[in-house]
Each structure stands twice: as structure tokens, then as C-alpha cells.
Novice: 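Supplied in C-alpha cells, the structure appears directly below.
Residue numbers begin at 1 in each chain, while the letters A, B, ... track the order of the sequences. From a predicted model like this one, the values you see are computed outputs, not experimental measurements.
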Protein chains: 2
Amino acid sequence: MSDRENELLEALRVAGLRITLQRRLICQVLAAASDEHLSAIDIAERASGPGAIDVSTVYRTLEVFEGLGVLHHVHLGHGPGIYHLSASSDHHHLVCEKCGRVVDLPVDALEQSFTGIIRDYGFVPDGLHFGILGRHIDCSVVDTTD
Amino acid sequence: MSDRENELLEALRVAGLRITLQRRLICQVLAAASDEHLSAIDIAERASGPGAIDVSTVYRTLEVFEGLGVLHHVHLGHGPGIYHLSASSDHHHLVCEKCGRVVDLPVDALEQSFTGIIRDYGFVPDGLHFGILGRHIDCSVVDTTD
DNA sequence: CTGATTGCAAAAGATTTGCAACTAT
DNA sequence: ATAGTTGCAAATCTTTTGCAATCAG
């Protein structure tokens, strides 16, 4: 059992919540996929073959983990939200509207501009919860598809 | 009839599309609400009392206007997309996750940081299509609600 | 006239919820 | 034992789509 997986289960224990088979499986999937962008349905399918854990259970479990602060979800454009272990969430997502690829952007890369916004607008961007949409340079050339 | 309203109708004419009563009404609503954040359903309701124009018609009409480049929609967090006349869309939306208020942010305010991202990541953020979530300073103080 | 447009109803996709059965502690 | 969890089915919400009827040009 990986460290990350154990961390998640430990968070449940500390909170006095129950550790069920379904939760174990979900933890495994999350820990194994820390660099991927998984939707709740992806997680349900990976957790033990297609359909084995009900999506409602997955949503409820993910909600619990978010409440414990060990998980976040982000929205990368249209389509389902995607889930991330907290420690691997400290980056923004640059989502290309053309090709769909996602580039990770370390938080500090935007920090300076955000400082200006905080000063001038009294607003603290979270930035981790929604992707930043745009286009790769390669995808920015002449384009009649949209 | 306002200038903006006329512009929208003119865009339809130029494209050889038809000007129907429903489209006229939708144009009126859009022109009158250029500073508001309206969802498709808001627009349907305002267009002529509750339920008078079918939402599917509203969605199709808004889609046409987006295709003509005179309208954009943005996503400000969860919930429905909101629609904006193009000329009034040249700002980003700072959406407070706590109080829900939206602060408009001129594009140039983020331009500099985006320049850095373009250079370092080969990525051109669009930024206008999704809101930037975060919190007002006032809403950032101790908070146990999430 | 004729194709563009509409309304209605139904579908789709993501997420949430009610509830009875089940299980970890 | 009992409160937390699960699966299932149904509901919700936003948006899309099929289709026959209607209407603008």
C-alpha cells in the first residue's frame, strides 16, 4: 500500500469515518493516478472493473475526501470535473481548447500577477479550482473550425 | 431600438439568416442587459414573461450569435453558463466562491502575466471563457463553512 | 414556395438524493 | 447494536437533439 493511499485512509480514521472496501479501492485508484486527470466515472470504472462501484458511492466518497482536505476537484472546460489528490494539486491547468491537452503550470508562475490583482482588486484568486483555457501556440494558427 | 440591438439584428441580416419575433426579443434582452450576467434561462424568461420562448430556441439563437462572433458565453463556477455581448466581454470575471459576487477585471490587468506564460509555456490563455475563482479579501477571513 | 426556425418532447451527461438493505466498528 | 455506508432508482439541472408544424423572405 502506497504512502498516499495510506494517508487517505488515515484521514478517514482520524475523522472517525469507516473504511470500507469501496473506499479502499477508490484510495488505490487515486493514489495510483496522482498525475492523471480522472473524472468520478473514470474512478468508478478503475476501482474494480466497469460498474462495480456505483457512481453515487464514488461521488459521496470523493466529497468526503474533499471535506477532509485531502482531495480537490477542478473543472477543465466543459465535461466532468476531474479529481486530484491535494498535494499534487498545487498547479494550475492550462487547457488547450483546440487539442484538449492539459499543461500543468506551477503556482508560482502565476503568483506575481495574482499579487497585483490582490492589491488592486482586493481579490485572492484560487485558480486551482478551474482550468485556464486557451491554446497552445501550435494550435493558435489559422483555424476555421471555431 | 438600441444600437447594440441593431448590431445583433444586422449580423443576422448580413449572414442571410432570418429575423424572427423570438430573435428580436432575445436581442432586446441582450442589449438591455449588457452589464448583467444572464444564463440562457434568464434570457428565456426575460424575453417575454416566463416560458414564452422555449429554452431550446434560446440556446439555438445564442449559438447562432456566438457563431457570428457577436456573443460569448463564460462559465463562472458551477451552474449555468452566462452570456455576454462580445464588446462587453473584454474583461475577465473574478468570481468569489464565498459570496458569489463577480468582479470584472480588464484584460490588460492579466496581460503581463500571460505574456510570461506564453513565453515559458507556449500557451496563449483565452481567459475570457472561464471565470477566475477565488475570494474577496473580506471573504477570506476565518471561515469554517468549507 | 421553400428552407430556416420554432415548440415540444425526449435524450443526454454530470451530479445529487431518498431509501431500504447492509456492514464496520 | 447502531450509526455510517452502500446500491439502486429516481430526480435534478443544464444543454442538446429529433421532428413535425410554422413562418420569413
Side-chain angles (χ1 to χ4, degrees), chain A residues 8-27 29 37-45 47-68 71-84 100 129-131 146, chain B residues 8-27 29 37-45 47-68 71-83 100 129-131:
Chain A
L8 292 171
L9 294 175
E10 190 55 27
L12 288 174
R13 278 191 203 96
V14 169
L17 298 171
R18 293 180 185 173
I19 295 177
T20 63
L21 172 60
Q22 292 87 334
R23 287 182 176 173
R24 277 182 202 287
L25 291 168
I26 291 170
C27 289
V29 171
H37 298 113
L38 300 181
S39 69
I41 290 173
D42 293 334
I43 294 168
E45 287 176 354
S48 52
I53 298 183
D54 195 86
V55 270
S56 68
T57 299
V58 173
Y59 277 110
R60 282 188 277 228
T61 298
L62 295 175
E63 194 180 13
V64 166
F65 284 129
E66 290 200 276
L68 298 176
L71 183 75
H72 286 290
H73 77 275
V74 291
H75 294 275
L76 308 181
H78 300 154
I82 67 106
Y83 292 80
H84 251 287
H129 189 60
F130 273 73
D146 63 12
Chain B
L8 293 171
L9 295 175
E10 190 55 27
L12 289 175
R13 279 190 202 98
V14 169
L17 297 171
R18 295 182 183 172
I19 295 176
T20 63
L21 172 60
Q22 291 87 335
R23 288 182 175 174
R24 279 183 201 285
L25 291 168
I26 291 170
C27 288
V29 171
H37 298 112
L38 300 181
S39 70
I41 290 173
D42 292 334
I43 294 167
E45 286 176 353
S48 52
I53 299 183
D54 195 85
V55 271
S56 68
T57 298
V58 173
Y59 276 109
R60 282 189 278 227
T61 298
L62 296 174
E63 195 179 12
V64 166
F65 284 130
E66 291 199 275
L68 298 176
L71 183 75
H72 287 289
H73 78 274
V74 291
H75 295 276
L76 309 181
H78 301 153
I82 66 107
Y83 291 80
H129 189 61
F130 272 73

Novice: A side-chain contact here means heavy atoms from C-beta on lying under 4.5 Å apart; do Tyr83(B) and Val74(B) qualify?
Specialist: no
Novice: Measure all distances between protein nitrogen or oxygen atoms and nitrogen or oxygen atoms of nucleotides 9-11 of chain C, and list the pairs falling under 3.5 Å.
Specialist:
none

Novice: Between Leu25(B) (CG) and dT5(C) (P), how many Å, whole number?
Specialist: 16 Å
Novice: So that I can tick it off, tell me whether Glu10(A) and Arg13(A) are bridged by a salt bridge, with the cut-off set at under 4.0 angstrom between side-chain N and carboxylate O.
Specialist: yes
Novice: From CD1 of Ile41(A) over to C1' of dT15(C), roughly how many Å is that when rounded to an integer?
Specialist: 9 Å
Novice: If you compare all heavy atoms of Val58(B) against all heavy atoms of Ala44(B), which two are closest, and at what distance to 0.1 Å?
Specialist: CG2-CB, 3.6 Å
Novice: Take atom CG of Asp42(A) and atom C1' of dA14(C), then tell me their distance rounded to the nearest Å.
Specialist: 13 Å
Novice: Using side-chain heavy atoms (C-beta onward) and a distance below 4.5 Å, is Ile53(B) in contact with Thr61(B)?
Specialist: no
Novice: Without decimals, in angstroms, what is the distance between His78(A) NE2 and dG13(C) P?
Specialist: 16 Å
Novice: Under the side-chain hydrogen bond (donor to acceptor under 3.5 Å, both in side chains) rule, collect the residues that match up with Ser39(A), sequence neighbours excluded.
Specialist: Asp42(A)
Novice: Could you tell me if Glu66(B) and His72(B) have a donor-acceptor pair between their side chains, going purely by distance under 3.5 Å?
Specialist: no
Novice: In residues 14-24 of chain B, which ones come under 4.0 Å of DNA chain C, going by heavy atoms?
Specialist: Leu17(B), Arg18(B), Thr20(B), Gln22(B), Arg23(B)
Novice: Between dT6(C) atom C1' and Glu63(B) atom CD, what is the distance in whole Å?
Specialist: 15 Å
Novice: Whole Å only: how far is the CD1 atom of Ile43(A) from the P atom of dA14(C)?
Specialist: 13 Å
Novice: Mind calculating the distance between CZ (Arg13(B)) and P (dA4(C)) to the nearest angstrom?
Specialist: 19 Å
Novice: Side chains of Ser56(A) and Arg60(A): donor-acceptor distance under 3.5 Å anywhere?
Specialist: yes
Novice: Between Leu12(A) and Gly81(B), which has a closest nucleotide on DNA chain D that is more 5'?
Specialist: Leu12(A)
Novice: Does Leu38(B) reach the side chain of Ile82(B), with side-chain heavy atoms less than 4.5 Å apart?
Specialist: no
Novice: Take the protein atom CZ of Phe65(A) and the nucleotide atom P of dG4(D), then report the distance between them rounded to whole Å.
Specialist: 17 Å
Novice: Under 4.0 Å: is that the gap between some side-chain N or O of Tyr59(A) and OP1 or OP2 of dT15(C)?
Specialist: yes
Novice: His75(A) and His75(B): side-chain donor and acceptor closer than 3.5 Å?
Specialist: no
